[in-house]
Amino acid sequence: MTAFDRDRALRLAQETFDIEARAVAGLKARTGESFARAVEKILDVRGRVVVMGMGKSGHIGRKVAATLASTGTPAMFVHPAEASHGDLGMIKAIDLVLAISNGGESDEITVILPVLKRLGVFIVAMTGNASSTLARHADVVLDSGVEMEACPLQLAPTASTTAQLALGDALAVALLDARGFRSEDFARSHPGGALGRKLLTHLSDVMRSGDAVPRVTADTAFPQLMREMSAKGLGASAVVDDQGKPIGIFTDGDLRRLIEKGVDLRAVVARDVMHPGPRTIRDDELAAEAAALMEQYRITSVLVVDAEGKLVGAVNSNDLMRAKVI
């Protein structure tokens, strides 16, 4: 084993970035009518986009299939070697095959191309060799060619797989835009992620409701107000009118400030100490909206009301953190 050359390692890293950046930038000039036709055909497909690739191109293919599926285009990855041993039955005439191969001569792919053609499957090739077997059998060819690999031996797929990945991402972006795909749609396919929780969790899912919501009337004596706050553990209490609509709020912070001022708390009622016009939010809003409201006004609790403005719930920052909304 040769001695480690730190300077050489850093130089190779920087050269890799330059080579791969040029590979991606080079795609821009070659992305034209064939790309648009591929997007159009994928939009029209009644089945799924079946992505194929061998070796490193196969790893890229799996990622491309996953990105397409998560952005509104039904897609799956089928290993071409397994396709020759039964998995070809997963592909139907209504599907579209996106075959990825830098050289375009992978035996595992070329051997099944005639079968795909007989099925009537539309084939999109992503390859760096326009004269390859794959390109000749394809209905549309996306040029993913690169001038050189970042590998100093010109053996390991590096710049070529980076170009494939970028081209796959470009397809996904063009398709999601054409479909009118929204962040809410993305969240529905990612319900376990942070974005899913933010875009799918409504206040009604996380708010305190019923008897768990601390509330008093404007004439409630201060000791009773404190008992209500202590019993419910929100750190605040709503003050409501005769129709159950919030007209004020009293918080733990308000209590500290009153004590500092030396106010005789035995002589006051809720009306005297509440903050009038409290911040409220509708119960059909997203929990993330409550989080934004808290951040905007630097408060830790928000009262939740229904369409008629009546108090139906309450939520604080701890509730939102437990729900992993913030």
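If you read the sequence from its start, that first residue is 1, and numbering goes on from there.
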Backbone N/O of Gly89 and side chain of Lys92: donor-acceptor pair under 3.5 Å: yes
Has Thr161 got a side-chain atom pairing as donor or acceptor with Lys56's backbone, closer than 3.5 angstrom? no
Side chains of Val263 and Ile259, heavy atoms from C-beta outward: is any pair under 4.5 Å? no
Would you indicate whether the side-chain heavy atoms of Met148 and Ile19 approach each other to under 4.5 Å? yes
Verify the neighbour count for atom CZ of Arg256: are there more than 12 heavy atoms of other residues, nucleotides or ligands below 6.0 Å? no
Is there a side-chain contact between Thr280 and Val302, using heavy atoms and a 4.5 Å cut-off? no
Apply side-chain contact (heavy atoms from CB on, under 4.5 Å) to residues Leu142 and Ser34 and explain how you reach the verdict. CA-CA 6 Å; Leu142 302 178; Ser34 61; 4.1 Å; yes
Closest heavy-atom pair, Gly47 versus Pro74, reported as atoms and distance to 0.1 Å, is O-CB, 4.3 Å
Is Ile100 linked to Val173 within one hydrophobic cluster, defined over Ile, Leu, Val, Met, Phe, Trp and Tyr using a side-chain heavy-atom separation of less than 4.5 Å? no
For side-chain contact (heavy atoms from CB on, under 4.5 Å), just list the numbers for Leu175 and Ile42, CA-CA rounded to whole Å, side-chain angles, deciding distance to a tenth of an Å, and then say yes or no. CA-CA 8 Å; Leu175 287 163; Ile42 294 173; 3.7 Å; yes
Is atom CG of Asp264 surrounded by more than 12 heavy atoms (other residues, nucleotides or ligands) closer than 6.0 Å? yes
Partner set under side chain to side chain donor-acceptor pair (under 3.5 Å) for Ser131, not counting sequence neighbours: Asn129
Is Lys63 salt-bridged to Asp169, going by a charged N under 4.0 Å from an acidic O? yes
Please list all pairs meeting side-chain hydrogen bond (donor to acceptor under 3.5 Å, both in side chains) that have one or both residues in residues 209-228, counting only residues at least two apart or in different chains. Thr217-Thr220, Asp219-Arg271, Glu228-Lys232
Residues passing the side chain to side chain contact (heavy atoms under 4.5 Å, CB included) test with Ser84, sequence neighbours excluded, are Val111, Ile112
Reported CG-to-CZ distance for the pair Leu12 and Phe17, which is rounded to 0.5 angstrom: 11.0 Å
Quick one: side chain to side chain donor-acceptor pair (under 3.5 Å) partners of Arg11, sequence neighbours excluded? Glu15
State, yes or no, whether a side-chain contact exists between Met229 and Asp252 at a heavy-atom distance under 4.5 Å. yes
Given a cutoff of under 4.5 Å between side-chain heavy atoms of I, L, V, M, F, W and Y, with clusters grown through shared members, what are the other residues clustered with Ile94? none
Flag, side chain of Ser57 to backbone of Gly53, donor-acceptor distance under 3.5 Å: no
Determine the minimum heavy-atom distance between Glu308 and Lys245, stating which atoms define it. O-CE, 3.2 Å
Let me confirm one number: the CG-CZ distance from Asp44 to Phe122, rounded to the nearest 0.5 Å. 10.0 Å
Taking C-beta and beyond as the side chain, do Ile281 and Leu203 meet within less than 4.5 Å on heavy atoms? yes
Other ILVMFWY residues reachable from Leu234 by side-chain steps of under 4.5 Å: none
Ignoring hydrogens, what is the shortest heavy-atom contact between Pro278 and Pro246? Give both atom names and the distance. CG-CB, 4.2 Å
For Leu27 and Ala166 the tightest heavy-atom approach is CD1-CB, 4.1 Å
Examine Ile109 and Val124 and state if one hydrophobic cluster contains both, with Ile, Leu, Val, Met, Phe, Trp and Tyr joined whenever side-chain heavy atoms are less than 4.5 Å apart. no
side-chain contact (heavy atoms from CB on, under 4.5 Å) assessment of Val64 paired with Leu167: CA-CA 9 Å; Val64 171; Leu167 195 49; over 6 Å; no
So, the side chain of Lys117 versus the backbone of His137: is there a donor-acceptor pair under 3.5 Å, distance only? yes
Considering non-hydrogen atoms only, spot the tightest contact between Asp319 and Val206 and give its length. CB-O, 4.3 Å
Can you list every pair that meets side-chain hydrogen bond (donor to acceptor under 3.5 Å, both in side chains) and has a residue in residues 141-157, with sequence neighbours left out? Arg30-Asp143, Glu149-Thr158, Glu149-Ser160
Please check if the side chain of Asp205 supplies one atom and the backbone of His202 the other of a donor-acceptor pair under 3.5 Å. yes
As an exercise, state the distance from NE2 of His275 to CD1 of Ile299, rounded to the nearest 0.5 Å. 10.5 Å
Answer yes if the side chains of Asp87 and His79 hold a donor-acceptor pair under 3.5 Å, and no otherwise. no
Between Leu88 and Leu116, is any pair of side-chain heavy atoms under 4.5 Å apart? yes
Closest non-hydrogen contact found for Ala138 with Ala125 is CB-CB, 3.5 Å
Within this structure, what is the CZ-CE distance for the pair Arg48 and Met90, rounded to the nearest 0.5 Å? 6.5 Å
Examine distances only and state if a side-chain atom of Asp272 and a backbone atom of Val269 form a donor-acceptor pair shorter than 3.5 Å. yes
Which residues pass the ring pair (Phe, Tyr, Trp, His ring centres under 6.0 Å) test with Phe222, not counting sequence neighbours? Phe250
Do Val97 and Met126 sit in one hydrophobic cluster, given that two such residues count as connected whenever their side-chain heavy atoms are within less than 4.5 Å of each other, even indirectly? no
Quick check on the hydrophobic clustering: are Ile91 and Ile123 connected, directly or via other members, by side-chain heavy-atom contacts under 4.5 Å? yes
Distance only, no hydrogens: is a donor on one side chain within 3.5 Å (strictly under) of an acceptor on the other, for Arg179 and Thr73? yes
Hydrophobic clusters join Ile, Leu, Val, Met, Phe, Trp and Tyr when side-chain heavy atoms are under 4.5 Å apart, directly or via other members; which others share one with Val24? none
Output every pair passing side-chain hydrogen bond (donor to acceptor under 3.5 Å, both in side chains) with a member in residues 96-113, not counting sequence neighbours, ordered by first then second residue. Ser101-Ser106, Glu105-Thr133
Could you list all the side-chain hydrogen bond (donor to acceptor under 3.5 Å, both in side chains) pairs where at least one residue sits in residues 283-292, not counting sequence neighbours? Arg282-Asp284
Any side-chain heavy atom of Val49 sitting closer than 4.5 Å to one from Asp95? no
Met54 and Val50: same hydrophobic cluster, using ILVMFWY side-chain contacts below 4.5 Å? no
With rounding to the nearest 0.5 Å, note down the distance linking CG in Asn318 to OG1 in Thr300. 8.5 Å
Check step by step if side-chain contact (heavy atoms from CB on, under 4.5 Å) holds for Met274 and Leu225. CA-CA 10 Å; Met274 72 180 188; Leu225 168 60; over 6 Å; no
Tracing side-chain contacts under 4.5 Å among Ile, Leu, Val, Met, Phe, Trp and Tyr outward from Val213 reaches Val240, Ile249, Leu303, Leu311
Please examine the side chains of Val305 and Lys310, heavy atoms only from C-beta on, and report whether any two atoms are closer than 4.5 Å. no
Rounded distance [0.5 Å steps], CG in Leu176 versus CG in Leu171: 11.0 Å
Ion pair present between Asp254 and Arg257, side-chain N to carboxylate O less than 4.0 angstrom? yes
